[in-house]
Amino acid sequence: MQPQRFEPATNQSFVGMDPRSAAYWQQRWLEGAIGWDLGEVSPPLREFFDQIAPTTLRVLIPGAGNGYEAEYLWKKGFQNVWVLDFAEAALESFKRRVPDFPHAQVICEDFFNHHGQYDLIIEHTFFCALPPSFRHDYAKHMNRLLVPGGRLVGLLFNDHLCGASGPPFGGTDQEYIELFHPYFETVCMQPALNSAAPRQGRELFFILRKPAT
Ligand SMILES: C[S@@+](CC[C@H](N)C(=O)[O-])C[C@H]1O[C@@H](n2cnc3c(N)ncnc32)[C@H](O)[C@@H]1O
């Protein structure tokens, strides 16, 4: 399955379930229907992580799935990394793969109910998993979770994709800039140059900064 297509075969039992629900995603994890999973940290994010400091930054990875970004940061010495997903099976998979990662920093919760304060939040195929009607709440809640001057950094599809009826849901750079404008300064929103092979030419790397005041 190509990672950009999350569409299931019709004989899978989550077909017909509500794609906004934890139950839907849990079922996908249980059935191994995780076509988005790269099996490693995404190259543009790895490059970004190799340039940031200090390792004391408080980092949240929402909709983390297998949490390759968290694993990479953790192994580089970033101690204050939190992994969040509402599918228990995803988090169990992460804990099995990274057994020394503190369990207290693995949160099973709906992102929209989560409270906290972070310096950096990482976006990787979480936004596109949410129905477009959630986007304003996503932008607003990301703003709430960041300290003034904090950054939301990640990748977005520069493509409308196939998701009329289910995830993934894409978009364009102009749509994203407009969406985030009330909450963030756009530091960068540009085509990613080193995407994983199946996503080449269809991803934007972005850095959004919460205004300092
Ligand atoms: C497409 S997967 C991406 C996983 C991972 N970020 C990656 O790139 O491999 C989306 C993930 O977001 C999680 N998710 C969807 N809606 C969520 C919500 N409201 N709160 C927390 N997690 C959510 C799903 O359980 C799923 O693991």
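Order of appearance sets the numbers: ligands from 1, and atoms from 1 within every ligand. In this text, all values refer to a predicted model and were calculated from it rather than measured experimentally.
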Report task. Indicate yes or no: does an N/O atom of W29 lie under 3.5 Å from an N/O atom of ligand 1? Result -> yes

Report summary line: Candidates Y24, W25, F86, Y68; heavy atom nearest atom 21 (C) of ligand 1 found on F86

Query raised in the report: Do other residues, nucleotides or ligands put more than 12 heavy atoms under 6.0 Å from the CZ atom of R20?
Result: no

Query raised in the report: If you measure from each heavy atom of D85 to ligand 1, is any distance below 4.0 Å?
Result: yes

Query - F127 and its ring-ring contact (aromatic ring centres under 6.0 Å, His included) partner, picked from Y176, F157, F169, F134 - result: Y176

Report task. Find all atoms of ligand 1 within a distance of less than 4.0 Å from any non-hydrogen atom belonging to H124, and give their numbers and elements. Result -> 5 (C), 6 (N), 7 (C), 8 (O)

Query - Carboxylate-amine/guanidinium proximity below 4.0 Å for E92 and R96 - result: no

**Report entry** ligand 1 N/O within reach of G63 N/O, cut-off under 3.5 Å
**Finding:** yes

Query - Derivation and outcome, ring-ring contact (aromatic ring centres under 6.0 Å, His included), residues W82 and Y118 - result: CA-CA 9 Å; W82 279 266; Y118 300 93; 5.7 Å; yes

Query raised in the report: Among F126, W29, Y68, which one satisfies ring-ring contact (aromatic ring centres under 6.0 Å, His included) with W36?
Result: W29

Query - Close N or O approach (D37, ligand 1; < 3.5 Å) - result: no

Report summary line: Near D110 (heavy-atom distance under 4.0 Å), the atoms of ligand 1 are 18 (C), 19 (N), 20 (N)

Report task. Taking only heavy atoms of A87 into account, list the atoms of ligand 1 that are under 4.0 Å away from them. Result -> 25 (O)

Query raised in the report: Looking only at atom types and distance, does a side-chain atom of Q117 sit under 3.5 Å from a main-chain N or O of R144, one as donor and one as acceptor?
Result: yes

Report task. Assess the side chains of Y138 and N143: does a donor N or O sit below 3.5 Å from an acceptor N or O? Result -> no

Report summary line: Note: S42, heavy atoms under 4.0 Å from ligand 1, region reported as neither

Query raised in the report: Do F126 and ligand 1 have an N or O pair less than 3.5 Å apart?
Result: no

Query - side-chain hydrogen bond (donor to acceptor under 3.5 Å, both in side chains) evaluation trace for Q27 with E31 - result: CA-CA 6 Å; Q27 200 57 36; E31 295 184 17; 2.9 Å; yes

Report task. Tell me, please: is E109 in heavy-atom contact with ligand 1, that is, under 4.0 Å? Result -> yes

